[in-house]
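FYI, side chains are in, hydrogens and waters are out, and symmetry mates aren't considered; it's all heavy atoms of this structure. Naming convention: chains lettered A, B, ... in sequence-line order (proteins, then strands); numbering from 1 in each chain.
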Amino acid sequence: MEINFIPIDYDYFDFNGRNYAKIIGRDEKGREVCLIDECDVYFWAILHEGVNDKKIMKIREKIEKIVVEKEARTSRVLKTEVHDKNYLGKKVKAIKIFVTNFKDSHAIADEIDFKEINKRREYDLGFITKYVLERKLKPLIWHKIEGEILNNNEFGGIVNSLDVDLCLRAEKINELEKQLEFKPRILAYDVETDDFEIGKGQIVMISLVGENFKKVLSFKKNSKKTYVEMFKDEEEMIKGFIKHVKKYSPDILVGYFSDGFDLPYLRARAEKNGFKLNLGLDNSQPVFSRGAMLTGKIRGIVHIDLLKFIKTAYSQYLTSETLSLNDVASELLGEKKLDFEFKHSSKLNPDEWEKYFEYNLQDSVLTYKLSEKAWPDLMEFSKVMQEPLFDISRDGMSSNVENYLIHNLSRFNEIIEKRPLADEIGERRMRERYEGAFVFQPKPGLYENICFFDFTSYWPSIIVTFNLSKSSFLGSEKEKNTLEIDIGKKKVYFSKEPEFFSEMLKEIIEKRKQYKKEYAKNPNPFTKARSNAFKLLANASYGYQGFFGARYYCPEASAATTAISRDFTKKTIELINKRDYEVIYSDTDSIAFKLNKHSKKEALELLEEINKNLPGIMELDLEDFYKRGIWVTKRTGEFGAKKKYALIDEKEKLKIRGFETVRRDWCDLSRETQNKVLQDILKDGNEKKALTYVKEVIKKLKERKIPLNELIIRTQLKKPIEEYKAEGPHVTIAKKMKEQKMPIDIGMLIEYFISEPEKHQKTKNGKAKGPIRERARLPEEKGEYDVEYYLKNQILPAVENIFEVFNVSAKELVDGKKQMRLGDF
DNA sequence: GGTCCTGCGTTACC
DNA sequence: ACCGGTAACGCAGGACC
């Protein structure tokens with residue numbers, strides 16, 4: 001039998017001690033297909049240099065006799081072969097050791113401790129990764145499969161228990177030259193519960209949204225809404241949920257924070273009610289991986305927690321201040337969650353019940369729409385990294401870089417480096433920090449006619465141009481014809497021979513350029529997503545080499561990369577100044593300068609001149625021209641503050657960096673006031689209007705005409721309350737919330753305002769004393785906001801450095817009297 | 001009780 | 001723990017007078 005097949009979910013099982021891949025996907029008619037396949041399972045023993053053939057034969061004989069007994073399973077070596085391979089770019093002889101079961105690779109590798117063996121590698125790869133490498137059945141790519149239909153009790157009945165349309169034993173696998181269309185069946189879900197702690201309260205309702213499919217399942221309250229389905233009790237409702245999922249037969253079941261809440265909650269309630277949450281295509285329950293972060297896996301259905309993917313793939317592009325469903329949906333979809341104030345279900349009136357149903361449904365609607373929006377990125381990530389959707393939807397960028405490397409190393413005949421072990425990770429984490437980017441000390445002031453240059457993919461371009469990686473790193477010993485880099489404390493050396501890391505990174509950068517062009521020519525979500533995947537890979541490659549968990553960890557390469565970048569940036573600044581421009585700022589890969597008497601055209605000619613002299617793939621680019629820009633002093637000291645400036649371009653568009661305006665831990669009033677001030681000043685360079693505006697705000701504040709919601713301060717709780725050495729206001733509030741049984745989670749934004757000091761919180765002269773946290777109040781708590789605090793700690797700090805540029809002091813701001821001091825008003 | 005300094009903590013920039 | 005270093009700045013908390 002022959003079918004066209006697109007693999008979606010990858011799994012494996014053991015039968016008679018051997019490993020089999022079990023892949024769920026679709027054929028072109030949309031039928032759900034299960035493919036059973038197997039592949040060679042092996043790892044490598046790399047020989048020391050100069051071991052003779054006779055010795056190798058002896059070692060092979062010994063290896064071939066290895067038998068390991070483990071968990072009622074006997075694993076053995078099937079055969080060995082000798083190959084010429086590369087390891088970290090160097091030619092090596094290696095013994096390829098084929099074993100019966102990949103799970104015992106490690107145990108068998110442990111038995112191979114002969115002195116002729118230098119390293120053992122690739123016993124730490126996951127089976128699915130190995131399988132994709134060996135059989136080249138790549139995720140979300142259409143393949144032509146030749147195979148035999150399985151329908152009886154083959155493989156001990158595993159096949160028979162599967163709820164699929166067709167089950168095939170794969171024989172031949174070939175990628176289709178012309179790829180077909182594929183649109184996954186996606187089902188979004190969301191649960192509402194009576195308690196926030198997993199499994200503690202009942203699940204009140206469950207919503208499900210798919211294509212032309214909307215349901216809210218409940219057992220507590222009837223509704224006239226047609227999408228609400230009633231059940232007798234919680235157990236029946238959850239069983240109804242399972243039935244709907246099975247009937248809809250989704251490729252992807254998607255939730256928002258569902259790894260951490262919805263799925264474990266469903267599982268816990270099923271357990272409490274004494275039945276199985278048999279969502280899997282083989283009727284298995286979801287499997288939760290242990291570890292810091294839970295992940296819920298359902299066999300045969302790809303369970304995706306969209307929050308995790310949004311974190312790695314989108315958060316750098318999002319301006320929303322949290323990654324809550326509401327914030328993300330309103331930014332990406334322009335749609336919000338419905339308003340609903342949480343109440344225990346026993347306290348809801350009929351009206352509130354109806355609202356609750358709508359609210360619950362809307363959460364799934366948003367999750368569904370977000371998943372449709374994210375689908376091109378999910379698909380391209382999976383295709384580029386060649387790992388299943390389940391994994392890439394949860395992986396961080398370091399894993400993505402590593403997976404890309406792993407799946408492309410065979411082109412270099414490379415044996416894959418091992419993952420660091422726990423003690424090695426510990427050591428790596430202890431290492432000293434290396435020096436990073438150069439940041440120019442700006443002179444405070446208002447500048448006109450500014451030009452910004454930036455280096456395109458600066459660090460990646462340096463890694464490629466200078467060949468900086470673990471496999472080119474030669475240590476601290478000087479050799480002939482090597483690259484010497486001074487990284488501060490010592491000199492390090494790199495080979496000039498091209499090697500796989502920089503070669504691959506070069507490809508990544510080229511592909512990014514190519515797909516970017518393709519997207520410009522033919523804009524569609526998939527070309528955009530592909531271009532973006534390569535962009536993110538290139539950007540993460542530098543961080544990867546300095547990341548303690550990386551297989552190809554090389555902090556010396558990272559240190560050399562930043563050392564070279566500092567050098568080029570400083571040299572370029574010198575050159576620009578020498579040409580009678582004036583550099584006013586620079587951070588990492590960007591340089592800002594005044595055009596002075598030069599024209600824009602001349603600046604572009606200068607750019608060309610600089611580019612002619614840049615080596616390799618390094619490239620300086622025009623970022624933009626700006627009409628005006630402002631740099632301010634640091635709050636302490638008279639120097640210009642780094643990473644804090646505001647620009648306005650020729651279309652009057654503001655670009656604000658680092659200012660309180662863009663910091664979420666300042667109250668809205670100070671952020672908005674500062675924003676207005678920057679706008680007024682940059683638009684026509686006139687500070688008078690801004691001054692009037694600020695005075696108006698101060699007046700309103702003093703008269704208490706500013707509503708409390710503009711004075712709420714939001715700070716994220718970053719760790720468990722007990723772990724704080726210094727208790728800031730947000731920690732005090734978090735404690736208070738916990739006492740009031742409000743849900744407290746790490747990562748939450750804690751909201752509070754500062755209230756007026758009570759009698760015991762004042763000094764004799766009536767000034768506030770003691771820690772500020774003691775005056776922090778929950779937004780709904782009683783008490784007046786403290787005008788003095790907001791003036792001194794929120795409004796003035798946000799604007800005084802800006803006015804200082806115009807020689808307007810903070811004293812004048814408050815009431816115009818010159819002799820008054822900052823705090824007196 | 002006030003001032004100064006240092007370290008913690010958060011959030012930004014690139 | 002889940003990519004790196006650089007930097008600003010509020011607040012807590014202790015030293016010092």
Side-chain angles (χ1 to χ4, degrees), chain A residues 291-293 295 308 311-312 316 321 394-402 419-420 422 425-426 428-429 431-442 454-455 457-459 536-550 552-553 555 557-559 561-563 565-566 569 585-590 623 632-637 639-645 655-666 713-719 723-732 749-750 754 763-765 767 769-776 789 792-794 797-798 801:
Chain A
M293 269 299 171
T295 57
K308 283 191 177 146
K311 255 187 206 163
T312 49
Q316 70 171 120
E321 275 162 21
R394 289 170 177 79
D395 282 343
M397 279 316 294
S398 70
S399 296
N400 288 330
V401 171
E402 194 152 284
R419 199 186 292 134
I425 289 178
R428 289 178 178 189
R429 297 189 66 201
R431 81 162 158 80
E432 271 181 67
R433 291 166 73 118
Y434 57 83
E435 199 180 333
F438 166 70
V439 188
F440 188 93
Q441 176 84 65
D454 62 11
F455 288 95
S457 304
Y458 200 21
W459 285 339
L536 290 176
L537 272 181
N539 288 345
S541 62
Y542 155 77
Y544 172 79
Q545 298 205 86
F547 168 51
F548 55 78
Y552 294 101
Y553 174 72
S558 307
T561 307
T562 55
S565 83
R566 292 191 298 273
T569 302
Y585 189 61
S586 165
D587 186 348
T588 314
D589 61 352
S590 70
E623 199 258 335
V632 299
T633 50
K634 288 211 303 177
R635 186 104 54 245
T636 49
F639 297 116
K642 297 172 176 180
K643 299 187 186 290
K644 230 178 151 176
Y645 59 92
K655 181 174 167 181
I656 300 176
R657 293 290 118 100
F659 273 110
E660 284 75 4
T661 302
V662 298
R663 291 183 62 95
R664 70 169 177 200
D665 54 350
W666 284 72
I713 299 165
R714 297 172 189 86
T715 314
Q716 195 183 19
L717 193 72
K718 308 263 287 186
K719 53 186 179 183
E723 281 176 31
Y724 280 91
K725 281 182 206 155
E727 184 180 333
H730 73 297
V731 182
T732 309
L749 272 191
I750 305 291
I754 302 301
T763 63
K764 276 172 245 159
N765 352 336
K767 276 189 167 180
K769 66 164 186 184
I772 284 165
R773 61 159 180 264
E774 287 171 9
R775 293 189 285 132
Y789 171 84
K792 250 175 74 179
N793 297 43
Q794 292 279 327
N801 296 353

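- Protein atom NZ of A:K642 is 18 Å distant from nucleotide atom C1' of B:dT11, rounded to whole Å.
- From the 5' end on, the contacts that DNA chain C makes with chain A at under 4.0 Å to a non-hydrogen atom open and close at C:dA1 to C:dG13.
- Within the 4.0 angstrom heavy-atom criterion, no nucleotide atom of any strand lies near A:F440.
- Counting any heavy atom pair closer than 4.0 Å across all strands shown, A:S399 reaches no nucleic acid atom.
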**Prompt:** Passes side-chain contact (heavy atoms from CB on, under 4.5 Å), A:M397 versus A:Q316? Steps please.
**Reply:** CA-CA 12 Å; A:M397 279 316 294; A:Q316 70 171 120; over 6 Å; no
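- For A:H730, no side-chain nitrogen or oxygen approaches OP1 or OP2 of B:dG9 to under 4.0 Å.
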**Request:** Would you sort out whether A:Y724 and A:H730 count as a side-chain contact (heavy atoms from CB on, under 4.5 Å), showing the intermediate values?
**Result:** CA-CA 11 Å; A:Y724 280 91; A:H730 73 297; 3.7 Å; yes
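- The CG atom of A:D589 sits 8.0 Å away from atom CH2 of A:W459, with the distance rounded to the nearest 0.5 Å.
- Following rounding to the nearest Å, A:E723 (CD) and B:dT10 (P) show an atom-to-atom distance of 11 Å.
- Under 3.5 Å, the side chain of A:R663 and the base of B:dT11 form at least one donor-acceptor pair of N or O atoms.
- When heavy atoms are screened at a 4.0 angstrom cut-off, A:E727 is found touching the sugar-phosphate backbone but no base atom.
- For A:E623 and B:dC13, the CD to P distance is 13 Å, given to the nearest whole Å.
- Comparing A:F438 and A:G543, the nucleotide of DNA chain C nearest to each residue sits closer to the 5' end for A:G543.
- Contact annotation for A:F659: no contact, since no heavy-atom pair falls under 4.0 Å across all strands.
- In this structure, A:Y724 places its OH atom 14 Å from P of B:dC8, rounding to the nearest Å.
- A side-chain N or O of A:T732 and one of A:E727 form a donor-acceptor pair less than 3.5 Å apart.
- Counting any heavy atom pair closer than 4.0 Å across all strands shown, A:R635 reaches sugar-phosphate atoms only and no base atom.
- Considering A:E774, A:R775, A:Q794 as possible partners of A:I754, the one that fulfils the side chain to side chain contact (heavy atoms under 4.5 Å, CB included) test is A:R775.
- One distance of note links NZ of A:K725 with CD of A:E723; it measures 10.0 Å at 0.5 Å rounding.
- Between A:K725 atom NZ and B:dT6 atom P the separation is 18 Å, expressed in whole Å.
- Distance, A:I772 CD1 to B:dT10 C1': 15 Å, rounded to whole Å.
- Remark: P of B:dT11 and CZ of A:R714 are 12 Å apart, rounded to the nearest angstrom.
- In this structure, A:V731 reaches neither bases nor backbone, as no heavy-atom distance under 4.0 Å exists between it and the strands shown.
- Counting any heavy atom pair closer than 4.0 Å across all strands shown, A:K308 reaches no nucleic acid atom.
- Among the protein residues, A:N793 comes within range of the sugar-phosphate backbone only, with heavy atoms under 4.0 Å from sugar or phosphate atoms but none that close to a base.
- B:dC14 atom P lies 7 Å from atom NZ of A:K655, rounded to whole Å.
- Taken from OH in A:Y645 to CZ in A:F659, the straight-line distance is 10.5 Å, to the nearest 0.5 Å.
- Note on A:S398: only backbone sugar-phosphate atoms sit closer than 4.0 angstrom, heavy atoms only; bases stay farther off.
- Distance alone, capped at 3.5 Å, is enough to place a donor-acceptor pair between the A:Y458 side chain and the A:S565 backbone.
- Nucleic acid contact for A:P729: sugar-phosphate only, since backbone atoms but no base atoms lie under 4.0 Å from a heavy atom of the residue.
- Side-chain N/O atoms of A:R657 include one lying less than 4.0 angstrom from OP1 or OP2 on B:dC14.
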